[in-house]
Amino acid sequence: MANETKRIKPADAFGAVRTIDRRTFGQLIESISDLISGTRFYYLLLGLGILLIYIAAMFGVSAMSRGYREVYGISREIPWGILISTYVFFVVTSTGLCIISSLGHIFGVKQFLPVGNRAVYLAVVLIFAGFSVIFFDIENPFRMAIYNIISPNFTSNIWWMGTLYGAVMFFMWLEFIFLLLHWHRFAIITGLAGLIADIAAISNLGAIFGMLHSKEYWFGPYIPIYFIASAIMSGCAAIIIFTFLGYKINNEQMDRPLESAMQSIAKLAALMIVVLFFFTAWNVLTGLVGGEGKRMAILAMLKGPYAINFYVFEILIGMVIPFVMLLKNRFKDMRVLFTASLLMIVGIFFMRYDLVVVGQIVPVLYELDVKEYSGLLSYRPSIHEIMLCIGGLGIVATAFLIGEKVFKGHKSYVH
Amino acid sequence: MISELERREFLKLGLAITGVFAGGTLLSVVSQFDRVFASIDEYKHNYPYKPHYCMVIQQDRCIDCERCKKACAETNHVPEYGYRTTILERYVPDAVGQKREFIPVLCMQCNNPPCVRACPVKATYKDKNNGIVMMNYDKCIGCKTCISACPYNARYFDEERHAVDKCNFCFDTRISKGEKLTACAAICPAGVRIFGDLSNPDDRVFKIVHQLQVPVWVLRPEVGTKPNVFYTKGLKGVV
């Protein structure tokens, strides 16, 4: 069957639609039977994922009916909390996965091909998870769908980001379908369109923060650039984690090309850790000599309420420990790659949280020297917010598990 | 020899001139008001809005009675958890004599409003006729970017309207119905809030903003928003 599909070239693709229909239908039946034939452990995990989504949905419905003001930890002074940072976490990782997948599919670096399909699939899943989380942060999400089209504001980064991520979802889905159908030329075109839209989207996401001059901590060109660099790191970590888990779930051994791909990705991740370390160090150092607002925010991370987040999670767990682990092991053992990637992802989650929250803790009228704004503001995520973020993870886990069975370990790449 | 008290008074004067005591950057003593309230060159000589609504706040006259807050809330249906205008308190223990002052704040109706740029769906916009930063509640998607973008904390999410709410100089509730003053300006017993038309040379706000005798300043001029709410002190007998 594989040989038969390879013969279908994009040029005569439309003529071959009927053949593919039959083949796809056959594959679908096969996939469903595969899904049914999973192990008990697999179903336990799948059940857990679905349960998480269900519980989070209950919290979401409760939040909507009681009003976000009542159940979320956000306030007038800190209107963006963990839901926004988790959204950023998901979509930035998704961009990273898109970049990783493009290395093989679009830029022809053969070494990265074996992880391509899984990366494209997960990129779509992660954007969807991000949208699901932010759905419960935006007060009128349905109005958004209407006015985004009939009343667009082209100077707004939020508008560009939302619209571009919508385009990314569209192109990435198409790319994934074309990859499954082995229509490689179409896959490359849609993949490239997706990649361009994705890079534009993530830099606009960064610019949402970078162009808010009311907040000194965010303002400037740093965040859009930082987001692209850190997207690659989180994309590397995510694809290592999911590929490792995928092979565990399917109870299969990785072949040599895949292991080599994983090692290359781990090396790229290690490089990105160094890049990110420089970003972080210079952000801190420039902030310390800047205006009062930025200095206060930086000090809150260095020796204030966010010091544990910064030193333990961002620096140690997110960067130092995985970097040392990878280097010490010389990128050989898949289990070490997996553990280091897991640590990176945890660290990156905190990086996003700190970026969003610490940017808002200095009151905008701090320099008026008034009683009301004499110190740092505080934010604590509520149980509703936390559960909705966990729901996002549930979506990722469930979609990943189903994807592994339905798309048979995402192995339909061309060697 | 200069007595200790005189020395302190002198220092206080110095702080007042440099803007430290004013809590903002001074305009008129350094003749910089053009730079602050105008976003483009032609604003300096030609105001783009007719009328160009603005407010001057006499900071030294506020006694924190909060009648403005109540009048605002009643006129504009502001819920108890939110505010369109509030009064901030500044306490300076080292000051000579009076150690406490009150700073009323509201939307600055900026000429270069960051909220308007940031809104994805034009739910908030600068009114083309009068320069007031308005809200179209029906369009607001509740992303709260405008709240984050505002350098003055002038916005909040109103659960009842299910949209972001802010001061609009009582345009829909009073000014468009023929009233001359906003609710807060009308109720203030100390005449703290002077509401008027900056494009009219005969208007008191025009005279205050364009005189050089007493300091006039705006909040956070460094963010380049060009506010239309000005602050002053010691205006008595000048304009």
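Remember, predicted model here, so these are calculated numbers, not experimental data. Letters A, B, ... are given to chains in the order of the sequence lines, protein chains preceding strands, and every chain is numbered from 1.
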Exercise for review: Starting from the C-alpha separation in whole Å, work towards a yes-or-no answer on side chain to side chain contact (heavy atoms under 4.5 Å, CB included) for Val364(A) and Tyr152(B).
Suggested key: CA-CA 6 Å; Val364(A) 286; Tyr152(B) 305 101; 5.9 Å; no

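- Most heavy-atom pairs under 4.5 Å with chain A, from the set Val223(B), Val105(B), Asp138(B): that is Asp138(B).
- Arg117(B) and Asn157(A) are linked by a side-chain donor-acceptor pair at a separation below 3.5 angstrom, with hydrogens and angles left out of the test.
- Annotation: maximal heavy-atom pairing with chain B below 4.5 Å, among Glu216(A), Gln360(A), Met211(A), occurs at Met211(A).
- Of the listed residues (Pro152(A), Ala145(A), Gly162(A)), the greatest number of heavy-atom pairs within a distance under 4.5 Å of chain B belongs to Pro152(A).
- There is no contact between Met161(A) and chain B, counting heavy-atom distances below 4.5 Å.
- To the nearest 0.5 angstrom, Lys122(B) atom NZ is 8.0 Å from Thr155(A) atom OG1.
- For Val116(B), the part sitting under 4.5 Å from any heavy atom of chain A is the backbone (N, CA, C, O) and nothing else.
- Note on Lys144(B) versus Glu139(A): salt bridge recorded, some NZ/NE/NH1/NH2 to OD/OE distance being below 4.0 Å.
- Across all non-hydrogen atoms, the minimal contact from Val121(B) to Asn153(A) is N-CB, 4.4 Å.
- Within the 4.5 angstrom heavy-atom criterion, no atom of Phe209(A) approaches chain B.
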Point to revise | CA sep, side-chain torsions, deciding dist, call: Arg220(B), Leu368(A), side chain to side chain contact (heavy atoms under 4.5 Å, CB included) | key: CA-CA 9 Å; Arg220(B) 296 197 69 185; Leu368(A) 267 190; over 6 Å; no

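- Expressed to the nearest 0.5 Å, how far CD of Glu77(A) lies from CG of Asn153(B) amounts to 4.5 Å.
- The part of Ile74(A) that comes within reach of chain B is its side chain, from C-beta onward, which places non-hydrogen atoms under 4.5 angstrom from that chain.
- A cation-pi arrangement is absent between Arg69(A) and Tyr156(B) under the rule of less than 6.0 angstrom and at most 45 degrees off the ring axis.
- Here the closest non-hydrogen pair linking Arg143(A) and Cys140(B) is NH1-O, 2.8 Å.
- Ranked by heavy-atom pairs under 4.5 Å with chain A, the list Pro151(B), Ala163(B), Cys143(B) is led by Pro151(B).
- Residues of residues 74-81 of chain B lying under 4.5 angstrom from chain A, judged on non-hydrogen atoms, are Tyr81(B) by number.
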Check your understanding: Going through the distances and angles, do Arg90(B) and Val370(A) end up as a side chain to side chain contact (heavy atoms under 4.5 Å, CB included)?
Key -> CA-CA 4 Å; Arg90(B) 201 153 162 261; Val370(A) 289; 4.2 Å; yes

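- What you find for Leu88(B) and Tyr373(A) is that their closest heavy atoms are CD2-CE1, 3.8 Å.
- Looking at Lys215(A), the atoms closer than 4.5 Å to chain B (heavy atoms on both sides) all sit in the side chain, from C-beta outward.
- The two residues Ile147(B) and Pro79(A) have their closest heavy-atom pair at CG2-CG, 3.8 Å.
- No side-chain donor-acceptor contact under 3.5 Å links Trp160(A) to the backbone of Pro120(B).
- Across Ile141(B) and Ile138(A), no two heavy atoms sit closer than the pair O-CG2, 3.0 Å.
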